[in-house]
Asks: 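Sharing a structure here in structure tokens format.
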Amino acid sequence: MLSPGSTYTEDFSATPESVPRARASVADFARAAGAVGPTLEAIRLAASEAITNAVLHAYHEPGGTVSVSASCLPDELWLLVSDDGDGLQPGRDSRGLGLGLAVIAQLADEFQIVSRSTGGTQLQMRFRLEAAGSAGTPVSGECQPATL
């Protein structure tokens, strides 16, 4: 179990091949943070949608980067997916059905889309980790304090 404040951060090339690797890395972190069952699947799917969105829409030219960061806090996990691309552009040609952001909004307990001052977009997602234990016993669904 991860201790509160544990963080995972990695940059991936903005290519389709990066999506499954990034999704697996986020899922591994979430599992270590205590995410299980439907919550783990929601985090995995939301990560996949957010990373795919950046790969498909952030850059006009090859060579971009997608930054993925996850943080474990007591009872919750935060997932941030960022790019340095062109930002959200109204009326821009889309290569998808446009359902990814709606899916993320349904999966996450909190979801924000932020236009970064340095350019690009950041998707911020919060997932509540379910408490699965009884009173007085550790719960499997929350970051636990590290034991020495």
Side-chain angles (χ1 to χ4, degrees), residues 1-89 92 94-132 138-148:
M1 190 66 72
L2 299 174
S3 61
S6 294
T7 301
Y8 157 78
T9 302
E10 190 169 353
D11 292 337
F12 295 89
S13 62
T15 61
E17 298 79 28
S18 295
V19 176
R21 289 187 310 109
R23 176 182 53 236
S25 295
V26 168
D28 289 345
F29 180 85
R31 189 178 301 107
V36 296
T39 300
L40 178 59
E41 291 308 312
I43 293 168
R44 184 189 330 259
L45 180 55
S48 188
E49 291 292 336
I51 296 159
T52 298
N53 227 23
V55 166
L56 292 178
H57 304 295
Y59 302 99
H60 282 81
E61 303 292 326
T65 300
V66 179
S67 299
V68 178
S69 178
S71 296
C72 176
L73 301 172
D75 302 322
E76 63 188 24
L77 183 136
W78 280 87
L79 175 61
L80 309 176
V81 176
S82 307
D83 64 70
D84 296 318
D86 299 325
L88 296 174
Q89 303 288 320
R92 192 164 147 194
S94 175
R95 292 173 272 174
L97 296 175
L99 300 176
L101 296 177
V103 168
I104 294 168
Q106 289 296 311
L107 294 169
D109 292 300
E110 185 176 324
F111 173 54
Q112 293 181 1
I113 303 169
V114 177
S115 293
R116 300 171 70 199
S117 63
T118 57
T121 303
Q122 182 176 72
L123 302 185
Q124 302 174 349
M125 297 158 267
R126 183 183 60 81
F127 299 88
R128 192 171 36 251
L129 299 176
E130 291 97 21
V139 291
S140 63
E142 68 181 53
C143 292
Q144 296 294 313
T147 56
L148 301 176

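Numbers for residues simply follow the sequence, beginning at 1.
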Asks: So which atom in Arg31 and which in Asp28 form the shortest heavy-atom distance, rounded to 0.1 Å?
Replies: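 Smallest interatomic distance, heavy atoms only, reads NH1-OD1, 3.0 Å.
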Asks: Give, for atom OG of Ser71 and atom CG of Leu79, the distance between the pair rounded to the nearest 0.5 Å.
Replies: 9.5 Å
Asks: Looking only at non-hydrogen atoms, find the nearest pair between Ala46 and Phe127 and report the distance.
Replies: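 Nearest heavy atoms, Ala46 then Phe127: CB-CZ, 3.6 Å.
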Asks: With a 3.5 Å cut-off and sequence neighbours excluded, list the donor-acceptor pairs that the side chains of residues 103-110 form with protein atoms.
Replies:
residue	atom	partner	partner atom	Å
Asp109	OD1	Arg128	NH2	3.2
Asp109	OD2	Arg128	N	2.6
Glu110	OE1	Arg126	NE	3.3

Asks: Any salt bridge linking Arg116 with Asp84? Criterion: basic side-chain nitrogen under 4.0 Å from a carboxylate oxygen.
Replies: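 Yes.
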Asks: How close do Leu40 and Ala27 get, counting heavy atoms only, and between which atoms?
Replies: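 Taking every non-hydrogen atom into account, CD1-O, 3.7 Å.
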Asks: Can you tell me how far the CD1 atom of Ile113 sits from the CD atom of Gln122, to the nearest 0.5 Å?
Replies: 11.5 Å
Asks: Tell me every residue that passes side-chain contact (heavy atoms from CB on, under 4.5 Å) with Ser18, counting only those two or more places apart in sequence or in another chain.
Replies: Phe12, Ser13, Thr15, Arg21
Asks: If you measure from CD on Glu10 to OG on Ser67, what distance do you get to the nearest 0.5 Å?
Replies: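 The CD atom of Glu10 sits 10.0 Å away from the OG atom of Ser67.
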Asks: Looking at Thr39 and Ala35, would you say the former's side chain and the latter's main chain have a donor-acceptor pair under 3.5 Å?
Replies: no
Asks: Write down the atom of Val55, the atom of Pro16, and the distance for their closest heavy-atom approach.
Replies: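 Result for this residue pair: CG1-N, 3.7 Å.
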Asks: Which value, rounded to the nearest 0.5 Å, describes the distance between Tyr8 atom OH and Cys72 atom SG?
Replies: 15.0 Å
Asks: Are the side chain of Tyr59 and the backbone of Thr65 linked by a donor-acceptor contact shorter than 3.5 Å?
Replies: yes
Asks: To the nearest 0.5 Å, what is the distance between OG1 (Thr9) and CZ (Phe29)?
Replies: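 Rounded to the nearest 0.5 Å, the OG1-CZ separation comes to 8.5 Å.
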Asks: Roughly how far apart are Asn53 CG and Leu99 CG, rounded to 0.5 Å?
Replies: 10.5 Å
Asks: Contact between Leu101 and Phe111 at the side-chain level, heavy atoms closer than 4.5 Å - yes or no?
Replies: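 Yes, side chains in contact.
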Asks: Are any side-chain N or O atoms of Asp83 and backbone N or O atoms of Thr121, one a donor and one an acceptor, separated by less than 3.5 Å?
Replies: yes
Asks: If every non-hydrogen atom of Arg23 is compared with every non-hydrogen atom of Ser48, which pair is closest and at what distance?
Replies: NH1-OG, 2.9 Å
Asks: Please give me the minimum heavy-atom distance between Leu77 and Ala30, naming the atom from each residue.
Replies: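 Residues Leu77 and Ala30, closest heavy atoms: CD1-CA, 3.8 Å.
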